[in-house]
Amino acid sequence: MDVSGLLDGLNDAQREAVSASPENQLILAGAGSGKTRVLVHRIAWLIQVENVAPHAILAVTFTNKAAREMRNRLEEKLGGAARHLWVGTFHNLAHRLLKQHWRDANLPEQFQILDSDDQLRLIKRVMKNLEIDEGRWPAKQTQWYIGGQKDEGRRASYLQRTGDLHTDTLIKIYTAYEEACQRGGLVDFGELLLRSHELWLNKPELLAHYQQRFRFLLVDEFQDTNTIQYAWLRVLAGGQSYITAVGDDDQSIYGWRGAQIENIQRFTQHFPNVHTVRLEQNYRSTATILKAANAVIDNNRGRMGKELWTDSVEGDLISVFAAFNEQEEARFIVDRISAWVESGGLRRDCALLYRSNAQSRALEEALLQRGLPYVVYGGQKFYDRLEIRNALAYLRLIWNRHDDPAFERVINTPTRAIGERTVEDIRAYARERDCSLWQAADELTQTGRMTARASNAVRSFISLINRLDVETREEPLHKIADHAITASGLLDFHRNEKGEKGLSRVENLQELVGACKAFEPEDSEEPVLGQFLATTALDAGDAQAEPDSDSVQLMTLHSAKGLEFPLVFITGVEENLFPHKMSMDEPGQLEEERRLCYVGITRAEKKLYITYAESRRLHGSDAFNMPSRFIREIPSDLLEEVRPRTKVTRPVYHSRGDHSQPATHPSLRQKETSDGEFRLGQRVFHPIFGEGIILNVEGNGPRTRVQINFDTDGTKWLMLSHANIGAA
DNA sequence: AAGATAGTCGTTTTT
DNA sequence: CGACTATCTT
């Protein structure tokens, strides 16, 4: 077989990783070092050169997106053989196992995946039953606690009572929650992993089967694995299979979610004869940007050691802009983007990154004002929207009547005169009889223990679901969905809603039908509806599908991981914000912030801006933050300070009046240009272009350039020394 | 059962 | 400040 192509165009380290003989591998893959390519080629190599059967290979990723991308690229490379590979997220694969061995896993055949929203509702209900005060044990925190314990592989039964009321109460809730889940056949995200891990431990013959089968495990983003995922892998590998761990300790930014950076750090100790390869050549960024990234991350201790390099050009200096406040920061950014676009750049090549979501507002306002299209990433996901969740709840009930969370959600949505009283009665009955809400409702209406009015309403709901089921049994998925949202009245309910909201909800519901139409079931044996519901639970869908729109991209630094953009702005680079003040007490957390900064810097291909504001409106009051320490960690010869103001004065067009001076704030500003002739916002006159307003000043001395928005001729950059500009 | 109103809280979020 | 919630009001 001709395999030469598999190594073509790879650098030495990449070749080494791809063509190694079967062994445990640790591939430390720096940002932009061609990691996915190496993974895909490695798999192809195993199949085509080492003659490994495709079905003996398991590739694990964290996100559905990454799994999809890997699968696509494998199909490209391998064609039909790729079908026999198992490629998926941890949760996906765990779900697959549990579905296949539901009996051994002690689950009902139609068990439901509980997403975090349903999980929270269930926890609330459990707490109510236990009469635990939500004030002292907020449900959100309890959810966090339970999730955290499961991530650590700890069941409630394993946890010891401590004598501390707070902890003991949490354990009590956890116990009751576990029981409620088991009773209802509900499996949350953490449970998928925990349960499948236990499945293997409890059924050695089953484990042996999978150990036999999967000889090669390849794991992407290894630095993000948590305790249970790591245990899962170790058990599966079992000493007979080879693991390829791909990751980058410097990009571990999910420690707060349970990810154990130690997993990658200690990998070589836990697995025998690990061959480590470092992918350090970066194909993404300019040398300047890489030097900055390296310098910043060098401040972290205990790194595994890796330094990115490139043979590409030095590139532009990194521009640092000190804004007066967040609005000026936003205006500056928007100016630069406008300039970029005017010189032929694409909007979608610009990314605005920030530490926390709240920062997007000021940026959005400025973009809106300038008429620049933009998208904000990481908002609510498609399947998380209220109307979609409601529609899915109908589908879930059609699929499985005993899905309590779904029942609760739509028993009275749209309203059909079933009040809280009635629902509470149903709950009480279900609790008493230890049955599902559906069964409780059904029995209650038949035993006459309800008022006639309530009984009728509930009956009509029950028959609605039954009817939907019967009438659509032979129909394709999208017909079921269409029928469900129509017959349930959900569509009309939102249609009658006033304003934009209702309109977009109706559109979303129609889009759901569209998604059903486009849905491709993985398994032709299984009912499509069940497969679709599992998919919606495990993959919330991308925020909004506007794939080809040319829009400026706004997102948090976290969601930028894995992406790249020619032009990047890292905004709000201030102490207390980035690093965030909640992360500054512990060195470990500060280091994670620094890794986040490293991730941010390495997103940029050509040009990087770092901006901060001396004053920022946050939670209703003004915060005066110092520039972030991370800026100081970049060698100053890589930086260029942009000083649009010729004087440290507040811009004239901005006066709030609640504080007079940003004060002598220690900042990066070292020098101030002497000629205070022109200020931002000042009206000026030009002999050719007429009158306009100064938007920006850059540079100083004879090279000073000003950007002026002329009343009639638009925005232009002019050399101050050439243009004959005067005060208007 | 929808709408108004007062109170609260404020990183990051792959599944 | 403003988004979200819980509670009260009609």
Side-chain angles (χ1 to χ4, degrees), chain A residues 60-68 88-95 113-117 119-120 124 134-135 138-140 143-144 147 150-151 187-194 220-221 223-226 228-229 251-259 326 353-359 361-362 377-381 383-384 412-423 493 496-498 534-543 555-563 572 576-584 589 592-593 595-597 599-600 616-623 656 658:
Chain A
V60 192
T61 63
F62 273 83
T63 66
N64 291 291
K65 196 171 149 208
R68 272 193 297 271
T89 64
F90 278 102
H91 297 268
N92 237 309
L93 299 166
H95 176 244
I113 298 168
L114 202 62
D115 63 36
S116 41
D117 194 66
Q119 182 187 37
L120 187 65
K124 280 184 178 163
E134 258 225 54
K140 272 260 166 59
Q143 180 184 30
W144 179 266
K150 289 195 178 188
D151 283 349
V187 176
D188 64 41
F189 289 135
E191 185 73 23
L192 285 167
L193 296 164
L194 193 49
D220 196 13
E221 305 282 17
Q223 76 283 353
D224 289 339
T225 51
N226 63 29
I228 188 68
Q229 287 160 341
Q251 291 188 73
S252 162
I253 56 174
Y254 285 105
W256 53 276
R257 263 187 123 259
E326 78 277 6
L353 310 182
Y354 36 80
R355 176 66 236 265
S356 61
N357 291 112
Q359 288 166 250
R361 169 170 292 153
Y377 279 78
Q380 206 178 28
K381 300 283 201 287
Y383 292 124
D384 279 340
N412 198 32
T413 308
T415 52
R416 44 177 72 86
I418 300 172
E420 188 53 33
R421 267 298 305 279
T422 310
V423 178
F493 176 72
N496 293 331
E497 234 175 354
K498 40 190 182 276
T535 305
T536 62
L538 290 174
D539 182 358
D542 284 328
M555 67 192 85
T556 63
L557 286 149
H558 281 89
S559 27
K561 195 174 85 162
L563 305 176
N576 297 322
L577 206 66
F578 189 32
H580 196 276
K581 63 171 176 302
M582 311 296 288
S583 303
M584 291 205 296
Q589 292 190 328
E592 184 154 309
E593 296 281 308
R595 293 193 289 270
L596 191 55
C597 183
V599 166
R616 182 177 296 275
R617 194 125 220 178
L618 212 60
H619 313 323
S621 52
D622 289 310
R656 200 180 230 107
D658 47 3

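Chain identifiers are assigned alphabetically (A, B, ...) following the order of the sequence lines, protein sequences preceding nucleic acid strands; residue numbering begins at 1 within each chain.
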Is any side-chain N of the basic residue among A:Arg355 and A:Glu593 closer than 4.0 Å to the acidic one's carboxylate O?
yes

Under 4.0 angstrom, heavy atoms only, what part of the nucleic acid is A:Ala66 near: base, sugar-phosphate, or nothing?
nothing

Ion pair A:Arg68/A:Asp539, N-O distance below 4.0 Å
yes

How far does the C1' atom of C:dA6 sit from the matching atom of B:dT11, given to the nearest Å?
25 Å

Between B:dT13 and C:dC4 - P atom distance, rounded Å
15 Å

Return the value, rounded to whole Å, for the distance between atom CD of A:Glu134 and atom C1' of C:dT7.
14 Å

Just to verify, what does A:Thr415 make a side chain to side chain contact (heavy atoms under 4.5 Å, CB included) with, not counting sequence neighbours?
A:Asn412

Taking CD from A:Gln359 and P from C:dG2, how many angstroms apart are they, rounded to a whole number?
16 Å

Atom OG of A:Ser356 and atom CG of A:Leu618: how far apart are they, to the nearest 0.5 Å?
7.0 Å

Is a salt bridge present between A:Lys150 and A:Glu191, judged by a nitrogen-to-oxygen distance below 4.0 Å?
yes

Nucleotides 8-15 of chain B: protein proximity per nucleotide (B base, S sugar-phosphate only, - neither; heavy atom, under 4.0 Å)
--BBBBBB

Between A:Gln251 and A:Gln223, do the side chains contain a donor N or O and an acceptor N or O under 3.5 Å apart?
no

